[in-house]
Visitor: 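Structure below; questions to follow.
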Amino acid sequence: MAIVLERPEVDGLSEVVGALREWQYDGAPMQLHPGDLGWFWRSGAEATAAAVRTWSRDGRMLAVGLLDSPGLLRLTIAPDAQRDEALARQLAVDVTEPARGVLPEGRVSIDTPSGALVQELLLADGWNAAEPWTPLRRDLTEPVADPGLRIEVAGPEQAHVFAAVQRAAFDRSRFTAERWHAMAAGSPYADARCLVAYDDRGNAVAGVIVWSAGPGRPGVLEPMGVHREHRRHGYGAAISVAAAAALQELGSSSALVCTPSSNVAAVATYKSAGFQQRAVVRDLCRGA
């Protein structure tokens, strides 16, 4: 059977999210998660659908890609299809040829699960390893300690509070309350929690969103940030502990996060919150 590349309509996103949920398991390489689509949903359902690509055979979805930016594809593959030669060759062609409507000409990058055959094919075709990223994992089978900081779940009425922390944590962020509401309207947010941390003066000092993939599956933190005026007080570690507790309440088996290896402070923050560092992963890039 032929492998079919498609861009889903908005009403097809629920099927994509469902497939991504099924593909998450403890011990899997770091990969695209339903929460990644959920966070992208802040740009709206139409923009999310436009950024998604799927590969299917005989009616079964085998791979999902998210264009996190026009030149960056985050791709994951069904666990039993990661060494499927026909799929890997089709993926390699589709991400290499701009006419296929996945990646444009020029410098582009792709993030794929470690060990997937498509990685080997792209490297053999002249793609190169790019910036290293550090995945971290916290097991949630044991109770999570109190973070020692006031943590509140931010709902629609507190969307502006989380948005303000987000903008103060990331220099180029344009996150707004309107984008929070767009994100919360997406199907992945049904398994998510938005948390805000407050200091003893009532200042909102940090924020995080956690995304579950369902009971017994890994959840992710995306994003986590500390207000630039309240750093170096341990708030990042505290809210990361709170994030782990929230995922545990949602039934997640573990909590995952991934950060650029160059961000040494972020790696240290997650490790101080009980996350264990895993093997470094790298995107693949193609020059202009």
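The basis for the numbers below is simple: all heavy atoms, side chains too, and nothing from hydrogens, waters or symmetry mates. Along the sequence shown, residues are numbered consecutively beginning with 1.
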Visitor: A242: what forms a side-chain contact (heavy atoms from CB on, under 4.5 Å) with it, not counting sequence neighbours?
Guide: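 For A242 the side-chain contact (heavy atoms from CB on, under 4.5 Å) partners, ignoring immediate neighbours, are P147, I151, L195.
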Visitor: Using distance only, find each side-chain donor-acceptor pair of residues 37-46 under 3.5 Å and give its atom names and separation, not counting sequence neighbours.
Guide:
from : atom 1 : to  : atom 2 : distance (Å)
R42  : NH1    : W39 : O      : 2.8

Visitor: Report the distance from atom CG of L5 to atom CG of D94, rounding to the nearest 0.5 Å.
Guide: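 Answer rounded to 0.5 Å: 5.0 Å.
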Visitor: Could you tell me if D283 and S109 have a donor-acceptor pair between their side chains, going purely by distance under 3.5 Å?
Guide: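 Side chains of S109 and D283: no pair found under 3.5 Å.
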Visitor: Just to verify, which of T112, D36, T76 counts as forming a side-chain hydrogen bond (donor to acceptor under 3.5 Å, both in side chains) with Q31?
Guide: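 Going through the options one by one, the only one that passes is T76.
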Visitor: Looking at L221, is its backbone amide N or carbonyl O close enough to the side chain of W211 to form a donor-acceptor pair, meaning the two atoms are under 3.5 Å apart?
Guide: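 Answer holds: no.
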Visitor: Hydrophobic clustering (ILVMFWY, side-chain heavy atoms < 4.5 Å, transitive) - are L13 and Y189 grouped together?
Guide: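 As far as the 4.5 Å side-chain criterion goes, L13 and Y189 are not connected within one cluster.
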Visitor: Check for a donor-acceptor pair, side chain of E85 on one end and backbone N or O of L117 on the other, with a separation under 3.5 Å.
Guide: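 No; judged by distance alone, with no hydrogens or angles, the pair does not exist.
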Visitor: If you measure from CG on D200 to CG on L149, what distance do you get to the nearest 0.5 Å?
Guide: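 That separation rounds to 9.0 Å.
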Visitor: Quick one: side-chain hydrogen bond (donor to acceptor under 3.5 Å, both in side chains) partners of T134, sequence neighbours excluded?
Guide: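 Checked T134 against side-chain hydrogen bond (donor to acceptor under 3.5 Å, both in side chains); matches are S261.
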Visitor: Output all residues satisfying side-chain contact (heavy atoms from CB on, under 4.5 Å) with H227, sequence neighbours left out; order by chain, then residue number.
Guide: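 Residues passing side-chain contact (heavy atoms from CB on, under 4.5 Å) with H227: A168, E229, H230.
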Visitor: Quick one: CG on L75 to CD1 on I110, what's the gap to the nearest 0.5 Å?
Guide: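 L75 atom CG to I110 atom CD1 measures 5.0 Å (nearest 0.5 Å).
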Visitor: Could you report the tightest heavy-atom contact between S240 and F275, atom names first, then the distance?
Guide: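 The answer is O-CE1, 4.0 Å.
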Visitor: Between R21 (side chain only) and G214 (backbone N and O only), is there a donor and an acceptor less than 3.5 Å apart?
Guide: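 Not confirmed, R21 side chain does not pair with G214 backbone.
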Visitor: Tell me whether D125 is salt-bridged to R286, with the criterion being a basic N under 4.0 Å from an acidic carboxylate O.
Guide: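 No salt bridge links D125 with R286.
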Visitor: Answer yes or no: is there a donor N or O on one side and an acceptor on the other, between the side chain of R83 and the main chain of G115, under 3.5 Å?
Guide: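 Judged by distance alone, yes, a pair lies under 3.5 Å.
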Visitor: Is it the case that the side chain of R53 and the backbone of G65 share a donor-acceptor pair, with hydrogens and angles ignored and the cut-off at 3.5 Å?
Guide: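 Checked: no pair found.
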Visitor: Taking all non-hydrogen atoms of both residues into account, name the closest pair between A163 and A177 and its distance.
Guide: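 That closest heavy-atom pairing would be CB-N, 3.7 Å.
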Visitor: Between D80 and R60, is the closest basic N to carboxylate O distance under 4.0 Å?
Guide: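 Here R60 pairs with D80 in a salt bridge, since their nearest N and O are under 4.0 Å apart.
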Visitor: Regarding D139 and S254, is there a side-chain donor-to-acceptor distance under 3.5 Å anywhere?
Guide: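 There is no such pair (donor and acceptor under 3.5 Å, judged by atom type) between the side chains of D139 and S254.
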Visitor: Return the CG to CG distance between L73 and D68, rounded to the nearest 0.5 Å.
Guide: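 Separation between the atoms: 9.0 Å.
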Visitor: Look at the side-chain heavy atoms of Ile, Leu, Val, Met, Phe, Trp and Tyr, link any pair under 4.5 Å apart, and say whether M183 and V17 land in one connected group.
Guide: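 No, M183 and V17 fall in different hydrophobic clusters.
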Visitor: Please check this pair: side chain of Q248 against backbone of E142, looking for a donor-acceptor N/O pair closer than 3.5 Å.
Guide: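 Present.
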Visitor: Where is the tightest heavy-atom contact between A204 and V165, given as atom of each residue plus distance?
Guide: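 Smallest heavy-atom distance, with atoms named: CB-CG2, 3.7 Å.
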Visitor: Who pairs with D111 by salt bridge (Lys or Arg N to Asp or Glu O under 4.0 Å), at least two apart in sequence or on another chain?
Guide: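 Per chain and number, D111 pairs via salt bridge (Lys or Arg N to Asp or Glu O under 4.0 Å) with R74.
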Visitor: Just checking F162 against F175, ring centres under 6.0 Å apart?
Guide: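 Between F162 and F175, the centre distance is under 6.0 Å.
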Visitor: Run the side-chain hydrogen bond (donor to acceptor under 3.5 Å, both in side chains) test against R150 and tell me which residues pass, sequence neighbours left out.
Guide: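 Listed in chain order: E152.
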Visitor: Under the 3.5 angstrom rule, does the side chain of T176 hit a backbone N or O of R179 as a donor-acceptor pair?
Guide: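 At least one qualifying donor-acceptor pair exists.
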Visitor: Rounded at 0.5 Å granularity, tell me how far CG in L136 sits from CG in L256.
Guide: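 Answer rounded to 0.5 Å: 9.5 Å.
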Visitor: Check for a donor-acceptor pair, side chain of S272 on one end and backbone N or O of T269 on the other, with a separation under 3.5 Å.
Guide: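 Judged by distance alone, yes, a pair lies under 3.5 Å.
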Visitor: Quick check for you: to the nearest 0.5 Å, what is the distance between L20 atom CG and E15 atom CD?
Guide: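 Result: 11.0 Å between the selected atoms.
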Visitor: Are the side chain of D199 and the backbone of N203 linked by a donor-acceptor contact shorter than 3.5 Å?
Guide: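 Side chain of D199 to backbone of N203, a donor-acceptor pair under 3.5 Å: yes, one is there.
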